[in-house]
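I have placed the structure first, in the form of C-alpha cells, so that the comments after it can refer back to it.
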Amino acid sequence: MGNESKSVSVSDLAERVAGSVSGRGWTVATAESLTSGQVAAALGAAPDASLWFRGGVVAYSSDVKRSVLGVPDGPVVSEAAARSMATGVARLLGADLAVSVTGAGGPEGQDGQEPGTVWLAVTSPVAEFCEMSRFDGTPAEVVQASLERALELLAQCAIG
C-alpha cells in the first residue's frame with residue numbers, strides 16, 4: 001500500500017504517453033520480452049490509441065529477438081539487446097518512438113545477470129536512451145516494476 005500513494009497508475013502513465021505523442025504527431029511501438037505484451041496492452045487502452053499506437057512485438061524467445069528484431073548474437077539480457085529491440089521494432093512497425101524491455105525476471109538469473117536485472121531502451125526522432133534497472137521481488141513484481149518503468153521512460157522521451 002505504501003508504494004501506491006507514491007506511484008502513478010499504469011493507466012495514468014499510458015495517458016501521459018498518449019497526450020505527449022499526440023501533441024508531437026508521433027507514433028509508438030513496443031518490443032517486449034520480460035513484460036510479455038503488458039506495455040502494449042496498457043498503451044492500447046490509452047485515449048485515441050488507434051491514432052498513435054502502431055503495435056508491438058512480444059519476443060520472449062532469444063531466436064525471435066534475433067530473427068525479428070535484429071538482436072545480435074550474445075546475451076539477450078544486455079544493453080545491446082535492448083537497443084536492438086527498440087530500433088528493430090521502430091523500423092519494423094514504422095514508429096517514431098519505441099520502447100523495449102528485456103530482463104531476468106526470476107526466480108533464476110539469465111545470461112549471468114541476477115534475477116530482477118532489466119534493460120530498457122527507448123528510441124525516438126530526437127534521442128536514444130538505454131538503462132539497466134534492478135527490481136526486487138517476485139517475478140510478478142519485477143514484471144510490474146518493469147512495465148511501470150517502460151511507460152515512465154516513454155512519457156519522459158515523448159515530452160522531450
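Rounded to the nearest 0.5 angstrom, Tyr60 OH and Thr102 OG1 are separated by 9.5 Å. One distance of note links CZ of Arg91 with OG of Ser84; it measures 8.5 Å at 0.5 Å rounding. Distance check: Glu114 CD to Phe135 CZ gives 14.0 Å after rounding to the nearest 0.5 Å. Distance CG/Leu13 to CD/Glu148: 7.0 Å, rounded to 0.5 Å. Atoms CG and OG, from Leu153 and Ser124 in turn, are 11.5 Å apart once rounded to the nearest 0.5 Å. Taking CD of Gln38 as the start and CG of Leu151 as the end, the distance is 10.0 Å to the nearest 0.5 Å.
Closest of all the heavy-atom pairs between Met85 and Val101 is CE-O, 3.7 Å. Across all their heavy atoms, Val89 and Ala98 have their closest contact at CG1-CB, 3.7 Å. Here the closest heavy-atom approach between residue Leu147 and residue Thr35 is recorded as N-CG2, 3.9 Å. In terms of heavy atoms, Leu34 sits closest to Gly103 at CB-N, 4.0 Å. For Ala42 against Ala14, the heavy-atom pair with the smallest separation is O-CB, 3.5 Å. What you find for Val77 and Trp119 is that their closest heavy atoms are C-CD1, 3.7 Å.
Judged purely by atom type and a 3.5 angstrom limit, Glu32 uses its side chain to pair as donor or acceptor with the backbone of Val39. No donor-acceptor distance shorter than 3.5 angstrom exists from the side chain of Ser22 to the backbone of Gly19, with no hydrogens or angles considered. Checking side-chain atoms of Ser100 against main-chain N and O of Ala82 turns up a donor-acceptor pair under 3.5 Å. Side chain of Thr123 to backbone of Thr87: no donor-acceptor contact under 3.5 angstrom is found. Between the Lys65 side chain and the Ala59 main chain, a donor and an acceptor come within less than 3.5 Å of each other. Judged by distance alone, the side chain of Thr27 and the main-chain N or O of Asp96 form a donor-acceptor pair under 3.5 Å. Put simply, the side chain of Arg54 gets close to the backbone of Leu93: a donor and an acceptor are under 3.5 Å apart. With hydrogens and angles disregarded, no donor-acceptor distance shorter than 3.5 Å links the side chain of Thr117 to the backbone of Gln113.
At least one side-chain heavy atom of Gln110 sits less than 4.5 Å from a side-chain heavy atom of Val76. Here the side chains of Leu92 and Val68 are in contact, with some heavy-atom distance below 4.5 Å. The closest side-chain heavy-atom distance from Cys157 to Leu97 is below 4.5 Å. Arg66 places a side-chain heavy atom less than 4.5 Å from the side chain of Asp73. You'll find the side chain of Val64 stays beyond 4.5 Å of the side chain of Val58, heavy atoms only. You'll find the side chain of Val17 stays beyond 4.5 Å of the side chain of Trp26, heavy atoms only. Within the 4.5 Å cutoff, the side chain of Glu128 has no heavy atoms near those of the Val122 side chain. The shortest distance between side-chain heavy atoms of Met132 and Glu79 does not fall below 4.5 Å.
Leu43 and Phe129 fall within the same hydrophobic cluster, defined by Ile, Leu, Val, Met, Phe, Trp and Tyr side-chain heavy atoms under 4.5 Å apart, directly or through other members. A continuous path of hydrophobic side-chain contacts links Val118 to Val10 [ILVMFWY only; heavy atoms under 4.5 Å].
Between Glu131 and Arg149 there is a salt bridge, with a side-chain nitrogen of the basic residue lying less than 4.0 Å from a carboxylate oxygen of the acidic one.
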Practice task
Kindly determine whether Val126 and Arg24 satisfy side-chain contact (heavy atoms from CB on, under 4.5 Å), including the steps that lead there.
Solution key: CA-CA 12 Å; Val126 295; Arg24 288 187 150 207; 4.2 Å; yes

